[in-house]
2 protein chains.
Amino acid sequence: METNLSERQKLILALVIRDYIETAQPVGSVSLVKRYKLDFSSATVRNDMVALTEMGFLRQPHTSAGRVPTEEGYRYFVRQLMGHTDLPAPTKRTIIHQFYQAGADVDRWMHLAASVLAHQAQAASLVTAPHPERAIFKHLELIGTHGRQVLMVLVLSGGDVSQQMLNLAEPVSQEQLSAVAQKINQNCAGLTEAGIERLKQPTDALEQDILKLVVNEMRRSTRVVAGELYRDGLTHVLAEPEFGEMELARRALRLLEERPLLEDLLTRTVLASEPGGVQVLIGGEGTWEELRECSVVLARYGAPGLATGTLGVLGPMRMPYGRTISTVRFMAGLLSDLVEDMLTEG
Amino acid sequence: METNLSERQKLILALVIRDYIETAQPVGSVSLVKRYKLDFSSATVRNDMVALTEMGFLRQPHTSAGRVPTEEGYRYFVRQLMGHTDLPAPTKRTIIHQFYQAGADVDRWMHLAASVLAHQAQAASLVTAPHPERAIFKHLELIGTHGRQVLMVLVLSGGDVSQQMLNLAEPVSQEQLSAVAQKINQNCAGLTEAGIERLKQPTDALEQDILKLVVNEMRRSTRVVAGELYRDGLTHVLAEPEFGEMELARRALRLLEERPLLEDLLTRTVLASEPGGVQVLIGGEGTWEELRECSVVLARYGAPGLATGTLGVLGPMRMPYGRTISTVRFMAGLLSDLVEDMLTEG
DNA sequence: AATTAGCACTCTCGTTGCGAGAGTGCTAAT
DNA sequence: ATTAGCACTCTCGCAACGAGAGTGCTAATT
């Protein structure tokens, strides 16, 4: 299988893909030359098309229909043909402005990021909150509320804050709680979960219970998909003609709805990649059955070593990759800056 | 339009609806008598059917097709014909057990509730976190993290906890922060937002800023849809045959995805109703265009006066109302108990 | 040697024309 | 009041068919 394309073949492949992305219709040789006013004939196009078909970049839904890009075709296009595009500057400014207005509220950033991604890419979007790769204890607060109920607020490195309600066996005064918290704060500051576990066992039963919860929480916060999942634009994918058959659409959306599936996907892709880069998964790459006819564009963002998260979009394989990739890249960069500022600013 | 149905007409209406809910096919007189072994003839059924059609409870998709229930038909069915059903006891026990295992974690309750609703009703589910109708200040904590960054944790009555990161103009030591927090705690304990605003202006600029944020946060927490929204089972509605046309499905799911729409819906329905009761909205009731072909079953839950939330499911109009309503009723009751226990237990 | 015109062939898609099946509404008999 | 009988209607699935679009091949052209 030869993979040296002539310039003309590259052009034709690119045009076929561009046209198909627009129209969702198989594209034929005649309509192609007419539409793009090519200065060679349809027969020439046909010849190149058989070559491209033999190389696995195009296929025909049936004999004597136009050509449609294969997954391989899209991949070649994305890697070699597409050229580097960027979001228009005004769009960028608008987006930045929106984030600026949102203040320093991570939760709002996440919602906003999901919303912007969904809107810009006209696809379903997904954002996970930033969390540290290694959890480091920073601060603990114990606040009594009603009776035996206590609210535990745990601050970890990377700005991760988790709160948890717990019921004590017996009432404890706020003073006692504060004392325990202060003791833990002194002993544990700067430690990882492992470090905390290595501490000599405290004699105080309450302190011991709390420490156990703290360690648990620290473990939880370093899982791949640790916190809340932010999604948006799920209905966009329903608008695409390829999902007229519904079953495909259901499977794709299930992937975003069911945490285990999603966790698997993220673990095996973006987690294994260097941060900053944008990953493009086309058609499930043979591994994810539920992604047939879909593509996913993912990126990690955040401050490496401190806290990172993931973001991306899911859309039909027939998606405008240029725009989508540049959107994802830009958003990852923007969120990285924001997170970094938040964590390092003095 | 006469609305006095004979017993037989009620039976026929009920059977038509039951059959249609199962099969999604228009149901004819002959197949009805055959299927349910009725001891009167198809001609009799036909006569009653024209009556029911004239009364607006049934309609024919086209001449000489079977009958299909109208929205009015469903409403009559739900109000008069359906009888009170309840979830089977083993199912209940299983659900209760799951919640028991989840501990006292409200976030987990919400996820679980959405998941259970979606699964039991085979429809899209929605749960909002419980929040107080009137926010009452309980406790404030200020925790310095990096440099000028401060984490503000605010505890309100009803177990509402909100956290917010803020950037100060200049660095402030933890001691100062604690002092401000303690002062605010003393002054504001038990006050509503209005009460806090009536306090004489503090001289300390920092204190003043913090108080402004606190009041803001208290306002936010009393909005109809205050906190996070928990959704599940969105893909279930895609499986229903009536959404083969996609456009209907998109509109319905948009309702769950876009907060303003949802807020409007909840405001005008469940908010206006007495808590405890289950509300059934059939076919948008002429008000919500996006709910054509859909029904929504909603309920409020929580401890009245302390904290309440909303939960419900959205499915096709052709939904098993008995099961759905009992599920929603049960879940509302269960969550109410849990929330009440959490808030009042000593 | 590469490109192109010409042409026969293939396959889909929309339309049309039935016949079967299911259901209705009406009338007359029970 | 109910039912049997019957003519009528409307959908649905299937086959036939022509138009349209596209292909692949061959021979001519540059």
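Only heavy atoms go into these numbers, but all of them, side chains included; no hydrogens, no water, no symmetry mates. Numbered from 1 within each chain, the chains take letters A, B, ... in sequence-line order. Keep in mind the model is a prediction, meaning the values are calculated, not measured.
No more than 12 heavy atoms of other residues, nucleotides or ligands shown are found within 6.0 angstrom of CD on A/Glu245.
To the nearest 0.5 Å, atoms CD (B/Gln9) and OG1 (B/Thr44) are separated by 11.5 Å. Summarising the geometry, atom CG belonging to B/Asp264 is positioned 6.5 Å from atom CH2 belonging to B/Trp288; distances are rounded to the nearest 0.5 Å.
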For this session: Report the secondary structure of DNA chain C in dot-bracket form, marking unpaired bases with a dot and bases paired to a different strand with |, and treating Watson-Crick or G-U pairs with both distances under 3.5 Å as paired.
Result: ||||||||||||||||||||||||||||||
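Rounded to a whole Å, the CD atom of B/Gln9 is 10 Å from the P atom of D/dT2. B/Asp48 places its CG atom 15 Å from the P atom of C/dC26, with the value rounded to the nearest Å. Rounded to whole Å, atom P of D/dG22 lies 12 Å from atom CZ of A/Arg35. In this structure, the CG atom of B/Asp39 is 11 Å from the P atom of D/dT2, given to the nearest Å. We find that CE of A/Met49 is positioned 16 Å from C1' of C/dT3, with the value rounded to whole Å. Distance B/Ile12 CD1 to D/dT2 P: 10 Å, rounded to the nearest Å. Straight-line distance from the CG atom of A/Leu58 to the P atom of D/dG24: 11 Å, rounded to whole Å.
Candidate nucleotides D/dT2, C/dT4, C/dT3 were compared by shortest atom distance to the side chain of A/Asn47, and C/dT4 ranks first. Looking at the side chain of B/Phe40, the nearest of the listed nucleotides C/dG23, D/dT3, D/dG24 is D/dT3.
With no hydrogens or angles considered, no side-chain donor-acceptor pair links B/Arg59 and B/Thr70 at under 3.5 Å.
Looking only at side-chain heavy atoms (C-beta outward), A/Leu5 and A/Gln80 stay at 4.5 Å or farther from each other.
Proximity of A/Arg46 to the phosphate of C/dA5: no side-chain N or O atom is located under 4.0 Å from OP1 or OP2. The shortest distance between the side-chain N/O atoms of A/Gln60 and the OP1/OP2 oxygens of D/dG24 is below 4.0 Å. OP1 or OP2 of D/dG22 lies within a sub-4.0 Å distance of a side-chain N or O belonging to A/Ser31. Between A/Ser29 and the phosphate of D/dT23, there is a side-chain N or O to OP1/OP2 separation shorter than 4.0 Å.
Judged by distance alone, the side chain of B/Glu242 and the main-chain N or O of B/Pro316 form no donor-acceptor pair under 3.5 Å. At distances below 3.5 Å, not a single donor-acceptor pair connects side-chain atoms of A/Gln122 with backbone N or O atoms of A/His236. Not a single donor-acceptor pair under 3.5 Å links the side chain of B/Arg67 to the backbone N or O of B/Val16. Without hydrogens or angle criteria, B/Thr327 side chain to B/Ala121 main chain gives no donor-acceptor distance under 3.5 Å.
Along DNA chain D, the nucleotide nearest B/Ala43 and the nucleotide nearest A/Ala43 are compared for position; the residue whose nucleotide lies closer to the 5' end is B/Ala43.
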Give me the distances for all protein-to-nucleotides 10-19 of chain C N/O pairs that come in under 3.5 Å?
residue: C/dT10; atom: O2; partner: A/Ser64; partner atom: OG; Å: 2.6
residue: C/dC11; atom: O4'; partner: A/Thr63; partner atom: O; Å: 3.4
residue: C/dC11; atom: O4'; partner: A/Ser64; partner atom: OG; Å: 3.4

